[in-house]
A.B. asks: 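One structure follows; several queries about it will come next.
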There are 2 protein chains.
Amino acid sequence: MSTRRRGEELEQAILRAAAEELRESGYAGMTMDRVAARAGTNKNAIYRRWPHRAALGIAAYRHLTDAVMPDPDTGSLRGDALEMLRRANQTWSSPYGAILRGLLAAAADDPELLTHMRERSGADTMDRAWLTMLRRAAARGEAPTAAAHPRVATTPMMLLRAEYAMRGHPSVPDAVLVEIVDEVFLPLVHGRGSDQGQALDQIEDREGGGERAQQ
Amino acid sequence: MSTRRRGEELEQAILRAAAEELRESGYAGMTMDRVAARAGTNKNAIYRRWPHRAALGIAAYRHLTDAVMPDPDTGSLRGDALEMLRRANQTWSSPYGAILRGLLAAAADDPELLTHMRERSGADTMDRAWLTMLRRAAARGEAPTAAAHPRVATTPMMLLRAEYAMRGHPSVPDAVLVEIVDEVFLPLVHGRGSDQGQALDQIEDREGGGERAQQ
DNA sequence: CCCTATACGGTACGCGCCGTACCTTAGAGC
DNA sequence: GCTCTAAGGTACGGCGCGTACCGTATAGGG
């Protein structure tokens, strides 16, 4: 019998086991006993490192997905936008996406966990990528500079996320992605700069400084 | 002691008890034993009617919220849209919304339950309301007729839903609703009919009949 | 008016899983 | 070599879901 594992080595083994359980059974099916058994250890070693099952789940998910995608650069705004949506759709409809959704659902009760999840899910990185994409398009003269607005930049991903929530969980059809780009995103981008160009800081003036503001 | 309850009467009592448990403890905290105790019966009577806890949760939620809102008619498209979003925000940020989110999270594993949920959550009704709203605006000459497009009509609610998913659970600030209307919805509506007027059935032509279509 | 089928009430239980407690044992560092 | 930390082993309490079994009320038909 080989030497007994400790510290970092054991921790990695646990994380690997948990990640495999996540992939096979989803978060709902990930059992502490099974993770311990698969890692060749016992629950003690796990609970000494993570306080709950959820914490282990998040750590394992992070251990599972650490790849970062480079920004797309197809030469046209439409191509870039479609590529971004397609990549996101692929990620979210993959087993990883199913796991992430399970985790999000489980963390729905726990605000603290939800925060940790958001940090790890790369939503902010994604939004920044859309903004730089818009700025590149503006530099090419393909879009008005006013189009590089956060609300505009985040709209396609928001629509994709909502689409996931509405449907079951299978991947969103490509036609929907195309429609999001052609029927919403591009019209929105091109509509700006003409008569609709409203800067963010003009909104409050129009609204009288927060009429009916909540909280 | 009064006569023993049966059939419809008992069913209503169970639903009422379950709805109260939902309101007080959320779906995660709704226990079959507690529901039975509160209804003054036992789990048998419950399991004879609903197969799982989730089914009871859905039924109870529906029992809890059956009010239908009339369409808003403020006279302007902007006013109508804002009113719709504000109502939805109020509903979703209320205790009912928290319950509904818990149910959705729990139903994430079960496609069948998810379908039932969508039917009950009134998403379709909501989308129809937005479409009629757009048609009214078009009739007033406030928007191009081409703006009554499903993808356009559903966009504001989609953005609101995604906003919920991104934040924790508190209500979305009113400024965000205003921004959705002024920065996305209205530009989108007015942008249509000029150079961006693409009908739905032209998309497939442009895409060559489904390049990279999935599934 | 009684009789029976049906549904309710009560209770107990099996199961799975989380998280904890307690003790034994290995092995790293001094 | 000794000690102290962290591992392994095991058992347990608690909770909640879903099921089984059995006595009992009551509706509805004969």
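Atoms considered below: every heavy atom in the structure, side chains included; atoms not considered: hydrogens, waters and symmetry mates. Since the model is a prediction, treat every value here as computed from it, not as a measurement. Letters go in sequence order (proteins before strands), and every chain restarts at 1.
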A.B. asks: What is the separation between atom OH on B:Tyr27 and atom C1' on D:dC17, rounded to the nearest whole Å?
C.D. replies: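 Value for this atom pair: 11 Å.
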
A.B. asks: Just the rounded figure in Å: distance from C1' of D:dG16 to CZ of B:Arg53.
C.D. replies: 9 Å

A.B. asks: List the atom of B:Val181, the atom of B:Pro187, and the distance in Å for their closest heavy-atom pair.
C.D. replies: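 That would be O-CD, 3.9 Å.
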
A.B. asks: With the threshold set at under 4.0 Å for non-hydrogen atoms, list the residues of residues 35-49 of chain A touching DNA chain C in residue-number order.
C.D. replies: A:Lys43, A:Asn44, A:Tyr47

A.B. asks: Nearest whole Å is fine: how far is C:dG16 P from A:Glu21 CD?
C.D. replies: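 For the pair A:Glu21 CD and C:dG16 P, the rounded distance is 15 Å.
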
A.B. asks: Can you tell me the distance, in whole Å, between the CH2 atom of A:Trp50 and the P atom of C:dC18?
C.D. replies: 15 Å

A.B. asks: Measure the shortest side-chain to side-chain distance between B:Ile58 and B:Trp50 over non-hydrogen atoms and say whether it is less than 4.5 angstrom.
C.D. replies: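 No, their side chains stay 4.5 Å or more apart.
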
A.B. asks: What's the CD-P distance between A:Glu11 and D:dT5, to the nearest Å?
C.D. replies: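 Answer to the nearest Å: 19 Å.
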
A.B. asks: Could you tell me whether the side chain of A:Asn89 and the main chain of A:Val172 form a donor-acceptor pair under 3.5 Å?
C.D. replies: yes

A.B. asks: Would you indicate whether the side-chain heavy atoms of B:Tyr27 and B:Arg53 approach each other to under 4.5 Å?
C.D. replies: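 A side-chain contact exists here, since the closest heavy-atom pair is under 4.5 Å.
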
A.B. asks: So does B:Arg38 pair up with B:Glu24, basic N to acidic O under 4.0 Å?
C.D. replies: yes

A.B. asks: Quick check against the 3.5 Å criterion: does B:His52 have a side-chain atom that pairs as donor or acceptor with the backbone of B:Ala54?
C.D. replies: no

A.B. asks: Just the rounded figure in Å: distance from P of C:dT20 to CG of A:Asp33.
C.D. replies: 14 Å

A.B. asks: How close or far is atom P of C:dT6 from atom CD of B:Glu9, stated in whole angstroms?
C.D. replies: 21 Å

A.B. asks: From CG of B:Leu56 over to C1' of D:dG16, roughly how many Å is that when rounded to an integer?
C.D. replies: 14 Å

A.B. asks: Are A:Val35 and A:Met30 close enough that some pair of their side-chain heavy atoms sits under 4.5 Å apart?
C.D. replies: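 Yes; the side chains approach each other to less than 4.5 Å.
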
A.B. asks: Is it true that B:Arg16 and B:Glu20 make a salt bridge, defined as a side-chain N closer than 4.0 Å to a carboxylate O?
C.D. replies: no

A.B. asks: Mark yes or no for whether A:Arg34, through its side chain, and A:Gly29, through its backbone, hold a donor-acceptor pair below 3.5 Å.
C.D. replies: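 Such a contact is found between A:Arg34 side chain and A:Gly29 backbone.
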
A.B. asks: Rounding to 10°, can you tell me the angle the first-five-pair axis of the helix from C:dC1-D:dG30 to C:dC30-D:dG1 makes with its last-five-pair axis?
C.D. replies: 0°

